[in-house]
Amino acid sequence: LYNPTSNSIDLSAWDLMQLTNPSTTPSEAPFVVNGLTGTIEPNSFLVFTASELLNNTGDWIGLYNDGGELIDQVSFGNVTDPSYNQNTVDNPPAEESSGRIIDGGPSFQTFASPTRGLSNGTMLNTLYVDDNWTSPDNDGGHTWGFDAFSSIQDAINFASSGSTINVEPGTYDEALVVNKSLALLGSGIDGASLATINYTGCDYTVSIMASNVTVSGFDIANDCGETNIYIGSSLDNVNITDNIIRDGYEGIYTNGSTNTIIQNNEIKINIYGIYLTGNISGSQVTDNNIHDNEEGISANGATFSEFSITNNQVVDNNDGYGVYFGQVQNSSSTLTIANNNISGNSNGGIYMNSVINSTLNIQDNSAISNNGQYGIYLGSAIGSTVTISGNTIQNNTSSGLYLSGTLAQVSNSTVSISGNTISSNGGDGIYADVITNSTFSILNNTQISGNGGNGVYICADGYCADGST
C-alpha cells in the first residue's frame, strides 16, 4: 500500500478484500485475514502478505478504511457485477506486478519488474539471501519475499534479468537453475564462514542455462557425486570465479559456452576438475588451483577459434592427465597452454591426441614435471603449427616430449622446439617418430640432459637419428 498524503495513517481496522466466485456470483471476502495493522507514513509504502490467493480467472481487490468506506479498488477483469470492474488491469504474469502510475496516480499499469515496497517502475536489481532468515520479522532489514530470501533459488526465480544476488554464509542444500542473466555472489572463500551450496540429491548443484551469468565466492559441492557446475550449450559470457568447487563428478562441465572465464577457483576432489565439450571459442581457464581430482582438465569434442589455459596450478591429479585434449581440429583453431605448473599427475602432464589444421602453443610453463608417463604427449600433428618453447620438462616417468601415437605422424606441419629445459626424464628427452613433409626444428637454446633414454630420437622421411645432446 502507498500513502500519497502528507499525514500518517493508522491502518487499524482497515481491510483489504477480494472476491469469491467473481465470474458467477461475486462475494467479498478478506484478502488479508484479520485486517490490516500498522501505520503508513506520508509518501511511503507498507507491505502486506496476502492470506488468500488471487486464484480465480478474474478477481478484484478493494481497500476499506476503518469506517467501511471503499478507498481504492482494482479489477483484473471477468467480474460479473460491473460495479467491480473499475480500474481494470490485465492479470500480471508471474514475477510481474500491477500498481498505479505514478505512485498514487490516476491509472493502473503492469510492471515487468516487481515493485512491491518500491516506487512503481523502480528496477529491483539487488537481492539478498541468508539461510537464517525465516519471515518478515527476520529478514535482515530488507523486505521478506521481495529482496530478502532464505533460498537462493527463490531469489533467482524472483529476480529480474541483470540483478545481483548476494548470499550470506550458510549451507544451502539446493539444486540451482540459473535461467536468466545475473550475478550470483557468495560471501567469498578466504574467511572461515562460507556460503556453501551442497546439494545432497542426485542432480547438478548449479545449472547455468543463460548467457551473461557470474557465479563467484561460493563453496560448491555435491554429496551425490554429480556435476557441481554445468554450463549449458550455446551460451556466452559466463564467469566462474573465486570459488571452491569440490566433491563432484565434474567440478565444472561446460557444454559449448563461448567467452567463458574460469578464474581463481580451487577445484579439487572431483572426477574431472574441468570438462570441456562443444564450442568454447574465446574461453579462458586461468589462475586456478586444480588438484587432487582424478583428471585435471579434459576436453573431448571441444571446438574453438581460440582457447587458452594459463597461470594455473594443475597438480597431483591422481588417475588421469593434468591436461587432456582428444583432438584439436579446425582451420582457425589456436590453443595456448602457457605459464602453468602441470606436475605430479598420474597419467601424464599434457596429452594431445591430435592437432589437425590448427595452431598449438605450449609455452613458458614453469614445470611440467614429476608426471606419470610423459611430460608432453602429442599423438600427431597434421597441417599444423606447433610451438613448444620456454618450458621446464623434467622428472617425468617416461619421455619428456613424445610425438608419436595412433596416427603416428607429423606431416605437413611446422614444429619448433626452443628454449626448453628437458632433463631427468625416465625415457627419451625428445622422441619424434614418422615426420614427413614437415619443418621440425630443435634450436640450440634447448637444454637436454640426464634423461634415461636418448636425449633426442627423431625419424623423418624414413631416416632416424638419435643422440645424447
Distance from [X] atom [atom1] to [Y] atom [atom2], nearest 0.5 Å?
X: E266; Y: I220; atom1: CD; atom2: CD1; answer: 12.5 Å
X: N157; Y: K180; atom1: CG; atom2: NZ; answer: 6.0 Å
X: N396; Y: N371; atom1: CG; atom2: CG; answer: 5.0 Å
X: T260; Y: I280; atom1: OG1; atom2: CD1; answer: 8.5 Å
X: N270; Y: E226; atom1: CG; atom2: CD; answer: 12.0 Å
X: S343; Y: H291; atom1: OG; atom2: NE2; answer: 14.0 Å

**Study point:** Aromatic ring pairing Y351/Y377, orientation class (parallel under 30°, perpendicular over 60°, tilted between)
**Key:**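 The rings of Y351 and Y377 lie parallel, inter-plane angle below 30°.
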
Review point. What is the ring orientation for W133 with H142, classed by angle as parallel under 30°, tilted 30 to 60°, or perpendicular over 60°?
Key: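 Tilted: the ring planes of W133 and H142 meet at 30° to 60°.
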
Are [X] and [Y] close enough that a side-chain donor and a side-chain acceptor fall under 3.5 Å?
X: D219; Y: T196; value: yes
X: N341; Y: Q313; value: yes
X: T277; Y: N255; value: no
X: S187; Y: E168; value: no

Quick one: does any side-chain atom of [X] pair with a main-chain N or O of [Y] as donor and acceptor, under 3.5 Å?
X: Y374; Y: L401; result: no
X: N222; Y: D203; result: yes
X: N138; Y: N132; result: yes
X: S150; Y: D131; result: no
X: N279; Y: S281; result: yes
X: N265; Y: I240; result: yes
X: S257; Y: S233; result: no
X: S75; Y: W60; result: no
X: D292; Y: N317; result: no
X: S181; Y: S211; result: yes

Check your understanding: Passes side chain to side chain contact (heavy atoms under 4.5 Å, CB included), I350 versus I337? Steps please.
Key -> CA-CA 9 Å; I350 299 172; I337 302 173; 4.0 Å; yes

Review point. Could you go step by step and tell me if N125 and S163 meet the side chain to side chain donor-acceptor pair (under 3.5 Å) rule?
Key: CA-CA 4 Å; N125 55 18; S163 295; over 6 Å; no

Practice item. May I ask you to check whether F158 and F149 place their ring centers less than 6.0 Å from one another? Key: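 So the answer is yes for these two rings.
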
Decide yes or no for [X] and [Y]: does some side-chain heavy atom of the first lie under 4.5 Å from some side-chain heavy atom of the second?
X: I356; Y: V328; answer: no
X: N87; Y: D72; answer: yes
X: N361; Y: L335; answer: no

Review point. When you look at E250 and T227, which way does the side chain to side chain donor-acceptor pair (under 3.5 Å) test go after all the steps?
Key: CA-CA 5 Å; E250 295 98 352; T227 298; 2.3 Å; yes

Review point. Under the side chain to side chain contact (heavy atoms under 4.5 Å, CB included) criterion, do E294 and Y321 qualify, and how do the steps go?
Key: CA-CA 8 Å; E294 291 193 13; Y321 301 96; over 6 Å; no

**Study point:** Test log, rule side chain to side chain donor-acceptor pair (under 3.5 Å), inputs Q263 and T286
**Key:** CA-CA 5 Å; Q263 185 173 23; T286 185; 4.8 Å; no

**Study point:** Check ion pair D247-K268 (N to O, under 4.0 angstrom)
**Key:**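 Salt bridge between D247 and K268, a charged N being under 4.0 Å from a carboxylate O: no.
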
Practice item. Would you check, one step at a time, whether the test side chain to side chain donor-acceptor pair (under 3.5 Å) holds for E306 with T334? Key: CA-CA 5 Å; E306 292 186 0; T334 298; 5.3 Å; no

